[in-house]
Amino acid sequence: PREGLAGIELQPGGRWLAAAGRSLHFFDTIEERWCPERELALRCSDLSWSAGGRYLGIAADGVLVLDLATGEIVGRYEESEFERIAMHPHRTIVAAVSRTQDLSLYDWQRRELLYRLPRASLPMRRFAFSPSGEELAFTSAAGDVGVLRLEDGSVRHWACPGISSNLPV
């Protein structure tokens, strides 16, 4: 692809490289070629693979979950435009941050919004689930770091001395 890329993710196991931008591209690392037959014409800003590598979470004009085995979108949450996404390591949950910096947790299999943390609470830049999936670590736009516990929705955050808020979005 000859376009600016917004995100890139290597599939667990290493076969597929997904590249986000004005459209979604796939590179087969075994055959060492781009696969235009898998390309999806949708503008996306971030990607996240499920732990097993079968599903790809896509931040776009909503949250989409692509089943790579079938090529079908199996999860869709279209309430907002999303910038960042992270797939839960063990459950059918995605965490996504919208352009307005709201954090949403969405069960893509049941198509249910589980939790929303509004921007006013803590605007997030980057985030990732813990290996157990019980917590979501993040950095805020102010340069703080924090942890959201999924079980009870409690948020702890701390200022980081010497860390600026100019982390790439």
**OP:** Give a yes or no answer on whether the side chain of Q11 reaches the backbone of G53 with a donor-acceptor pair at less than 3.5 Å.
**Re:** yes
Original post:
Hey, what's the ring geometry for Y55 with W108, parallel, tilted or perpendicular (30° and 60° as the breaks)?
Top reply: tilted
Original post:
Side-chain heavy atoms under 4.5 angstrom apart, residues restricted to Ile, Leu, Val, Met, Phe, Trp, Tyr: same cluster for I93 and F138?
Top reply: yes
**OP:** Could you label the plane-to-plane angle of the W16 and F26 rings as parallel, tilted or perpendicular, counting under 30° as parallel and over 60° as perpendicular?
**Re:** perpendicular
Subject >> Nearest heavy-atom neighbours spanning P89 and A51 >> reply: O-CB, 3.2 Å
Subject >> Heavy-atom closest contact (L150 atom, L136 atom, distance) >> reply: CD1-N, 4.0 Å
Original post:
Listed by chain and number, what are the side-chain contact (heavy atoms from CB on, under 4.5 Å) partners of A69, not counting sequence neighbours?
Top reply: R54, D67
Original post:
If every non-hydrogen atom of I85 is compared with every non-hydrogen atom of I58, which pair is closest and at what distance?
Top reply: CD1-N, 3.5 Å
**OP:** Could you tell me which non-hydrogen atom of M87 sits nearest to which non-hydrogen atom of F129, and how far apart they are?
**Re:** O-CD1, 3.4 Å
**OP:** Scan for salt bridge (charged side-chain N to carboxylate O under 4.0 Å, His left out) pairs involving residues 129-143, sequence neighbours excluded, and state none if there are none.
**Re:** E135-R149, E135-R156
Original post:
Should Y115 and V97 be regarded as members of a common hydrophobic cluster, given that ILVMFWY residues are connected when their side-chain heavy atoms come within less than 4.5 Å of each other, either directly or indirectly?
Top reply: yes
Subject >> Nearest non-hydrogen partners of L56 and A18, listed with the distance >> reply: CD2-CB, 3.8 Å
Subject >> Electrostatic pair D61-R43, nearest N-O below 4.0 angstrom >> reply: no
Subject >> Partners passing salt bridge (charged side-chain N to carboxylate O under 4.0 Å, His left out) against E37 (at least two apart in sequence or in another chain) >> reply: R33
**OP:** Look at the side chain of S45 and the backbone N and O of E83, then say whether any donor-acceptor pair between them is shorter than 3.5 Å.
**Re:** yes
Subject >> Nearest heavy-atom neighbours spanning D28 and C35 >> reply: CB-SG, 3.8 Å
